[in-house]
Amino acid sequence: MKTDRLIGILSVLLQEEKVTAPVLAEKFEVSRRTINRDIEDLCKAGIPIYTSQGAGGGIGIMDGYRMDRTLLTSKDMQMILAGLRSLDSVSGSNYYGGLMEKLKSGSSDFVSGRDSMLIDLSSWYKDTIAPKIELIQNAIEERKLLTFHYYAPKGDSVRTIEPYYLVFKWSSWYVWGWCSGRKDFRMFKLNRMDELFETKAGFAPREVPVPDLTIEKIFPGIIKVKALFVGEMKWRLIEEFGMHCFTEKEDGTLLFTADYTDKESLVCWLLTFGAKVKVLEPVEVREKLIQIAKDMVRQYAGMEEKCQDQETKKTCL
């Protein structure tokens with residue numbers, strides 16, 4: 001894309017004292033005429049670029065504008081490259097890897113040492129998430145509406161949105177946009193989206209508030225939970241809620257207290273602990289778990305009886 005190429009050209013010019021149009025054309029795999037137009041666009045944007053002809057000539061940025069490399073240490077650059085590399089872990093292409101090479105160009109003396117930080121943002125669903133990310137990125141840049149099937153706790157629906165932000169939060173990817181059906185901004189989880197399409201219809205960008213990604217906003221704690229966990233579950237409580245979510249009793253059990261968003265999610269979470277948790281509050285959640293346990297016993301008891309009947313028939317035959 002042109003914007004990506006302009007950023008790349010500017011990165012090279014900030015790294016190199018002077019570079020020729022043929023070198024830029026080869027690096028970005030475009031014609032010299034395209035490079036000349038790109039240089040004109042950078043000049044119109046206020047970048048003080050000069051060109052010189054003849055032997056030793058080329059394209060450069062005027063003194064005084066060029067970024068002093070002392071502003072960025074080698075460690076700073078390593079952190080920038082680690083961030084770019086992490087984006088490639090979810091990208092459907094090697095765009096960020098190419099951008100890293102552009103930033104490294106002419107900076108072998110500046111970027112030294114081996115990588116000390118590896119960040120992988122991909123998930124178990126990388127094969128399906130990466131194409132969605134690429135499609136959404138393109139729709140955001142091209143200002144195109146997105147349509148998709150969405151599967152949420154309240155039911156399935158078909159949504160059409162104006163996409164504005166791709167968000168990585170809580171170990172998952174989301175898109176933030178204006179939902180035409182709800183007439184408001186909404187956050188949609190990519191894992192719950194299916195049949196995602198970029199429509200031909202464009203949209204005029206509106207005033208977009210930056211999504212409030214605080215835990216209090218997205219997951220308001222409206223349910224007060226108190227439960228007693230066996231000691232061997234300490235690692236999970238610490239991993240999911242932090243060091244101070246429980247107090248350890250003399251018998252080794254863990255008195256857990258926290259705020260939770262909704263009852264259904266709380267019940268599902270508690271079920272993952274099996275018999276290693278005893279819910280104290282709220283009472284309705286405890287009663288829900290008891291009912292689920294009874295239903296499971298009834299269901300499996302019926303299966304057991306059916307299996308025994310089948311075994312009896314086989315014996316008789």
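Since we're looking at a predicted model, the values are computed, not measured.
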Residues in side-chain hydrogen bond (donor to acceptor under 3.5 Å, both in side chains) contact with Thr20, at least two apart in sequence or another chain: none
Phe229 side chain near Phe246 side chain, heavy-atom distance below 4.5 Å: no
Nearest heavy-atom neighbours spanning Arg206 and Tyr164: N-OH, 3.2 Å
Salt bridge (Lys or Arg N to Asp or Glu O under 4.0 Å) contacts in which one or both residues fall within residues 249-258, not counting sequence neighbours: none
Atom pair CZ/CH2 of Phe241 and Trp269 - distance to nearest 0.5 Å: 4.5 Å
Parallel, tilted or perpendicular, as decided by the 30° and 60° cut-offs, for the rings of Trp176 and Phe185: parallel
hydrophobic_cluster_shared for Val158 and Ile161, side chain cutoff 4.5 Å: no
Beyond-backbone contact of Val208 with Trp178, side-chain heavy atoms, under 4.5 angstrom: no
Check: Ser31/Arg33 side-chain N/O donor and acceptor closer than 3.5 Å: no
Check: Met233 and Val277 side chains under 4.5 Å, non-hydrogen atoms: no
Ile238 with Leu255, same ILVMFWY side-chain cluster at under 4.5 Å: no
Distance in Å, Asn36 CG paired with Ile59 CD1, rounded so as to fall on 0.5 Å steps: 6.5 Å
For residues 280-294, tabulate all N or O donor-acceptor pairs below 3.5 Å that involve a side-chain atom, not counting sequence neighbours.
residue : atom : partner : partner atom : Å
Arg286  : NH1  : Leu280  : O            : 2.8
Gln291  : NE2  : Asp295  : OD1          : 3.0

Other residues, nucleotides, ligands: >12 heavy atoms within 6.0 Å of Glu29 CD: no
Common cluster, Val297/Val267, ILVMFWY with side-chain heavy-atom separation under 4.5 Å: no
Side-chain heavy-atom pair Val175, Met193 within 4.5 angstrom cut-off: yes
Aromatic centroids of Tyr150 and Phe188 separated by under 6.0 Å: yes
Pairwise distance CD1(Ile140) to CG(Leu146) - rounded to 0.5 angstrom: 8.0 Å
Ile133 side chain near Gln137 side chain, heavy-atom distance below 4.5 Å: yes
Worked verdict on Met187 versus Tyr165 for side chain to side chain contact (heavy atoms under 4.5 Å, CB included): CA-CA 9 Å; Met187 186 94 79; Tyr165 289 105; over 6 Å; no
Polar side-chain atom of Thr253 near backbone of Leu228 as donor-acceptor pair, under 3.5 Å: no
From Ile49 atom CD1 to Ile39 atom CD1, the distance as rounded to the nearest 0.5 Å: 4.5 Å
Test side-chain hydrogen bond (donor to acceptor under 3.5 Å, both in side chains) applied to Thr257 - qualifying residues, sequence neighbours left out: none
Residues forming a ring pair (Phe, Tyr, Trp, His ring centres under 6.0 Å) with Tyr151, sequence neighbours excluded: none
Main-chain N/O of Trp173 paired with Lys132 side-chain donor or acceptor, under 3.5 Å: no
Atom pair CD1/NZ of Ile129 and Lys189 - distance to nearest 0.5 Å: 9.0 Å
Nearest-0.5 Å distance that lies between atom CZ in Phe203 and atom NZ in Lys144: 9.5 Å
Minimum heavy-atom distance Leu254-Gly231, with the two atoms named: CD1-O, 4.0 Å
Ile9-Val23 co-clustered via ILVMFWY side chain contacts under 4.5 Å: yes
Side-chain donor/acceptor of Thr160 to backbone N/O of Ser180, under 3.5 Å: no
Over all atoms of both residues, closest heavy-atom pair of Arg186 and Cys179: CG-CB, 4.1 Å
Contact summary for Arg32 and Ala21, nearest pair of heavy atoms: NE-CB, 4.4 Å
Minimum side-chain heavy-atom gap Arg159-Thr147 below 4.5 Å: no
hydrophobic_cluster_shared for Leu135 and Phe197, side chain cutoff 4.5 Å: no
Residues which pass side-chain hydrogen bond (donor to acceptor under 3.5 Å, both in side chains) with Lys276, listed by chain and number, not counting sequence neighbours: Glu232
Side-chain (Ser52) to main-chain (Gly58) donor-acceptor, under 3.5 angstrom: yes
Heavy atoms from other residues, nucleotides or ligands near CZ of Arg236 exceed 12 (cutoff 6.0 Å): yes
